[in-house]
Amino acid sequence: MAPQSLPSSRMAPLALLLGLLMAACFTFCLSHQNPKEFALTNPEKSSTKETERKETKAEEELDAEVLEVFYPTHEWQALRPGQAVPAGSHIRLNLQTGEREAKLQSEDKFRNNLKGKRLDINTNTYTSQDLKSTLAKFKEGAEVESSKKDKARQAEVKRLFRPIEELKKDFNELNVVIETDMQIMVRLINKFNSSSSSLEEKIAALFDLEYYVHQMDNAQDLLSFGGLQVVINGLNSTEPLVKEYAAFVLGAAFSSNPKVQVEAVEGGALQKLLVILATEQPFTAKKKVLFALCSLLRHFPYAQRQFLKLGGLQVLRSLVQEKGAEVLAVRVVTLLYDLVTEKMFAEEEAELTQETSPEKLQQYRQVHLLPGLREQGWCEITAHLLALPEHDAREKVLQTLGVLLATCRDHYRQDPQLSRTLASLQVEYQALASLELQDGEDEGYFRELLGSVNSLLKELR
């Protein structure tokens, strides 16, 4: 019997199912033959992610398992992954092999690093949790030790020093007032300027004030509240002691303090100092006044110019010619030497800096000191002072003769007494220099003096 044919309505679904199965099989076969061609992701990124997943998994496994303890020795040993290194070990990365290596530190460094602490290890192995807890103990111990040291330091400070509040309270109970330098100077000036103060109190006030005005800031503070003018007016006192100590204070305040020097000249200090030197006064008073005058003139060309206008060279000439004034004469000669060399240094400085008309040099060029010295007879005066017996005085006179040589050369050559004095000093210092050489002093003091004498003799031939 012939087979019956299926209806067309049933054949269509079967054909569709068969086609889908064949397509799936074809696609499966192709994907297994060349998987890279049909991949939808970057192969390199996929491999990187896979490596990271493996490392993360390995770390999790290491973290969960028991870690092996590394036992260091005094020689470098390679570390295997996952090994726990005891505290205080010395670890390095070997750049040649790329491996980490460890060894024991020296005994002193190991003790210092541990600071007396040890890991609580009862077995040969411990987990990462043991490491974390041990490190936490180290940190807590360090904090406790630091806290103890801070407390001990604070206790020591409290033992050695008292709080300022307690000191103020004690001073108040003793009726002691803590004063600043400014307050002290105001109080001293008020005491000096008070009509009710005795002579002894005024002298004591000036003596204490001199101590404070040595400082530049204090001297300027004295100027700011009018104390400087009060002291300058003290030079007009009829009491020689007041003049002496007022000049003592002024000399300390003037020293290397341009602001105070300017105000002093404007306040009439220069005239008052010259008047005291030109009149009959005690030797001690003139000594202090000369000190104040020297402090006012040094490094201050404006004051030097006013000094020449007021006849200062004549006043000093009369002073050095007084009987028994050899000490003052040496100080005057030293002052003249300083004033002459100041101008010379200003000229040299201008040449080095190549400045055509610096203000400082212009001021010094208005001071015509050397012509004044020649006119006032200082060439002869300085030459005669060479007969002083003290070596220190002779040294200062020789220096002054040297700087005045260009101005006074004719006078020196025509002075027979100077030639005899220089010849005598040459013989004397040759003998003293020989004694220095015998004692092993190649560049001694007398050898320098001999050099100055020989230089002058050579220039005067």
Side-chain angles (χ1 to χ4, degrees), residues 181-182 184-186 188-189 192-193 202-203 205-237 240-278 281 284-313 315-316 319 328 330-343 345-346 360 363-364 366-367 369:
D181 288 356
M182 180 77 162
I184 294 173
M185 290 191 297
V186 170
L188 293 174
I189 286 294
F192 170 71
N193 202 32
K202 290 184 178 183
I203 299 304
L206 290 174
F207 182 82
D208 293 339
L209 185 61
E210 187 271 340
Y211 169 79
Y212 289 97
V213 297
H214 273 288
Q215 298 184 24
M216 182 178 293
D217 294 340
N218 286 344
Q220 294 180 3
D221 289 340
L222 181 70
L223 170 65
S224 66
F225 68 84
L228 181 68
Q229 191 61 48
V230 173
V231 180
I232 292 175
N233 294 337
L235 296 174
N236 294 328
S237 174
L241 279 177
V242 174
K243 293 180 181 179
E244 177 182 344
Y245 281 91
F248 192 35
V249 173
L250 293 175
F254 296 158
S255 182
S256 301
N257 203 330
K259 186 175 180 180
V260 178
Q261 287 176 322
V262 171
E263 294 297 329
V265 173
E266 297 297 332
L270 182 57
Q271 294 92 326
K272 292 178 173 60
L273 293 172
L274 291 176
V275 168
I276 295 175
L277 291 176
Q281 300 292 338
T284 55
K286 287 192 174 184
K287 188 176 179 180
K288 292 293 192 299
V289 170
L290 181 60
F291 161 66
L293 179 66
C294 294
S295 298
L296 183 59
L297 295 181
R298 284 191 174 98
H299 306 290
F300 191 15
Y302 174 72
Q304 296 173 19
R305 186 153 51 93
Q306 297 300 316
F307 168 77
L308 295 177
K309 288 182 179 180
L310 294 172
L313 289 179
V315 174
L316 295 183
L319 180 65
L328 299 180
V330 173
R331 296 192 179 189
V332 169
V333 168
T334 305
L335 171 64
L336 297 178
Y337 171 80
D338 292 340
L339 298 183
V340 173
T341 53
E342 275 182 27
K343 187 174 181 179
F345 291 151
K360 184 177 180 181
Q363 292 179 3
Y364 274 111
Q366 296 176 9
V367 180
L369 179 60

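- The heavy-atom pair separating Ser295 from Ser255 by the smallest distance is CB-N, 4.1 Å.
- A heavy-atom distance below 4.5 Å is not found between the side chains of Leu222 and Val260.
- Within the 4.5 Å cutoff, the side chain of Leu293 has heavy atoms near those of the Leu270 side chain.
- Side-chain contact between Leu228 and Ile232 is present, with heavy atoms from C-beta onward closer than 4.5 Å.
- The two residues Gly267 and Lys272 make their nearest non-hydrogen contact at O-NZ, 4.2 Å.
- At a threshold of 4.5 Å between non-hydrogen side-chain atoms, the residues Val265 and Phe300 count as touching.
- Taking each heavy atom of Lys286 and Leu328 in turn, the nearest pair found is CB-CD1, 4.4 Å.
- Between Phe192 and Leu209, the closest side-chain pair of non-hydrogen atoms is not below 4.5 Å.
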Fill in: Leu316 vs Leu335, side-chain contact (heavy atoms from CB on, under 4.5 Å): CA-CA, chis, key distance, verdict
CA-CA 10 Å; Leu316 295 183; Leu335 171 64; 4.3 Å; yes
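- With hydrogens and angles ignored, the 3.5 Å screen pairs no side-chain donor or acceptor of Asp221 with any backbone N or O of Met182.
- Here the closest non-hydrogen pair linking Lys343 and Tyr364 is CE-O, 3.3 Å.
- Atom CG of residue Leu339 and atom CZ of residue Phe307 lie 7.5 Å apart, to the nearest 0.5 angstrom.
- Every residue was checked against the side-chain hydrogen bond (donor to acceptor under 3.5 Å, both in side chains) condition with Gln306, not counting sequence neighbours, and none meets it.
- Considering only heavy atoms from C-beta on, Asp181 stays 4.5 Å or farther from Asp217 through its side chain.
- One finds the CG atom of Leu223 at 12.5 Å from the CG atom of Asn218 (value rounded to the nearest 0.5 Å).
- A pairwise comparison of heavy atoms in Val315 and Leu274 identifies CG1-O, 3.9 Å as the closest pair.
- One finds the CZ atom of Phe291 at 9.0 Å from the CZ atom of Arg331 (value rounded to the nearest 0.5 Å).
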Item to complete: Please report the C-alpha distance between Leu336 and Leu313 in whole Å, then the side-chain angles of each, then the deciding distance to 0.1 Å, and finally whether the side-chain contact (heavy atoms from CB on, under 4.5 Å) criterion is met.
Response: CA-CA 10 Å; Leu336 297 178; Leu313 289 179; 4.1 Å; yes
Validation: residues 242-252 side-chain donor-acceptor distances under 3.5 Å, sequence neighbours left out:
residue : atom : partner : partner atom : Å
Lys243  : NZ   : Ser237  : O            : 3.4
Glu244  : OE1  : Thr284  : OG1          : 3.3

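- Separation of atoms OH (Tyr211) and CD1 (Ile184) is listed at 9.0 Å; rounding is to 0.5 Å.
- Note: Gln304 CD to Glu342 CD = 5.0 Å, rounded to the nearest 0.5 Å.
- Note: Lys287 NZ to Leu277 CG = 14.0 Å, rounded to the nearest 0.5 Å.
- Two residues are said to be in side-chain contact when any heavy atoms from C-beta on lie closer than 4.5 Å; Leu235 and Ile276 meet this criterion.
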Item to complete: I would like to know whether Asn257 and Gln261 meet side chain to side chain donor-acceptor pair (under 3.5 Å); could you show each step before the answer?
Response: CA-CA 6 Å; Asn257 203 330; Gln261 287 176 322; over 6 Å; no
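- Taking all atoms of both residues into account, the shortest heavy-atom contact from Asp338 to Thr341 is O-OG1, 3.0 Å.
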